[in-house]
Amino acid sequence: MELTIERGDNALTASVNGRIDSTNARDFEEAIRTKIEDGDRAVIMDFENLSYISSAGLRAVLMTAKTLWKRDAKFALCSLSGPVKEVFEISGFDKIIPIHDTREGALSSLDS
Amino acid sequence: MNESVSDGALELSLVNDLREIGAAAEKIDAFCEARSLSPQIAYAVNLSIDEILTNTISYGYDDEEEHRIDLTLRQEGDTLVVVIVDDGRAFDSSLEREPNVDATLEERALGGLGLFLVQQMMDDVDYQRRDTLNVITLRKSTSGQDEE
């Protein structure tokens, strides 16, 4: 798994390339957590190049969502591939975390 | 990880190390691709095997020794059959709790998703205890795979 973090004007965007599974989910969650600063009001996870996520990865995403919620910061996912999106839907995560088709869509949702 | 193929079945022999799962996933993907199974089916099978192996490797053993886990994939007509055999402790299904997929973000529990995903993504999940072995059999229909 490769993680690329960019800090834009409105959001911190984390792009993931590869797999998030039980071998790296904790590292993933920690890498994101340590990058989030007090001033960050929104975080977007761009999953365009995420080929695979298991329940361990879902747990890491949920932990991030809960942390941001407590800080009153926004959180959204974007660009999920078909099977990855299905896993989020089966888990019910699509009801508690906003999921957008594109990064642009996720970014513009932050304005509302 | 050791690999063998007999009668078109893929047989993998793994040890109880989480890093084996990613290596097995490549073999499973190749097996599915060779049979023209959809990426959705390959994902569902990979995820189910991953969740079961992660559970067994993380929580299934009472010692720190190396253990062997046998994994077999074969196609029987329109069904993909996966058999996982390990010598971990017997699985206690009474510990299983269904996640509340309708909970709010604040209420949503962090765990309990793995085996739930297996139940949702497979057509049939069977567990048997045979002497000192756990035998888990998963079945996934491969017909009508282009349908949503």
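Residue numbers begin at 1 in each chain, while the letters A, B, ... track the order of the sequences.
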* Is any side-chain heavy atom of A/L62 less than 4.5 Å from a side-chain heavy atom of B/L105? -> yes
* Asked: If Ile, Leu, Val, Met, Phe, Trp and Tyr residues are connected whenever their side-chain heavy atoms lie under 4.5 Å apart, and connections chain through other members, are A/L3 and A/V84 in the same group?
  -> yes
* Asked: Between B/I52 and B/V125, is there a shared hydrophobic cluster once you connect ILVMFWY residues whose side-chain heavy atoms come closer than 4.5 Å?
  -> yes
* **B/A109, part contacting chain A, at a heavy-atom distance under 4.5 Å** => backbone
* **Contacting moiety of A/I90, where chain B heavy atoms sit under 4.5 Å** => both
* Connected via hydrophobic side-chain network under 4.5 Å: B/L110 and A/I20 -> yes
* Same apolar cluster (I L V M F W Y, side chains within < 4.5 Å links), A/I36/A/I97 -> yes
* Structure fact -> One option among B/I57, B/L113, B/L47 has the most heavy-atom pairs under 4.5 Å with chain A, and it is B/L47
* Structure fact -> Whatever's closer than 4.5 Å to a heavy atom in chain A on B/A103 counts as backbone
* Treat each ILVMFWY residue as a node, draw an edge where side-chain heavy atoms are under 4.5 Å apart, and state whether A/M63 and A/M45 are in one component. => yes
Short of 3.5 Å, which donor-acceptor contacts do chain A and chain B share? List atoms and distances.
| from | atom 1 | to | atom 2 | distance (Å) |
| --- | --- | --- | --- | --- |
| A/S22 | OG | B/T54 | OG1 | 3.1 |
| A/Y52 | OH | B/D50 | OD2 | 2.6 |
| A/I53 | N | B/Y43 | OH | 2.7 |
| A/I53 | O | B/Y43 | OH | 2.9 |
| A/S55 | N | B/E51 | OE2 | 2.7 |
| A/S55 | OG | B/E51 | OE1 | 2.6 |
| A/S55 | OG | B/E51 | OE2 | 3.2 |
| A/K66 | NZ | B/L105 | O | 3.0 |
| A/K66 | NZ | B/E106 | O | 3.1 |
| A/K66 | NZ | B/R108 | O | 2.6 |
| A/S91 | O | B/R108 | NH1 | 2.7 |
| A/S91 | O | B/R108 | NH2 | 3.0 |
| A/K95 | NZ | B/D102 | OD1 | 2.6 |

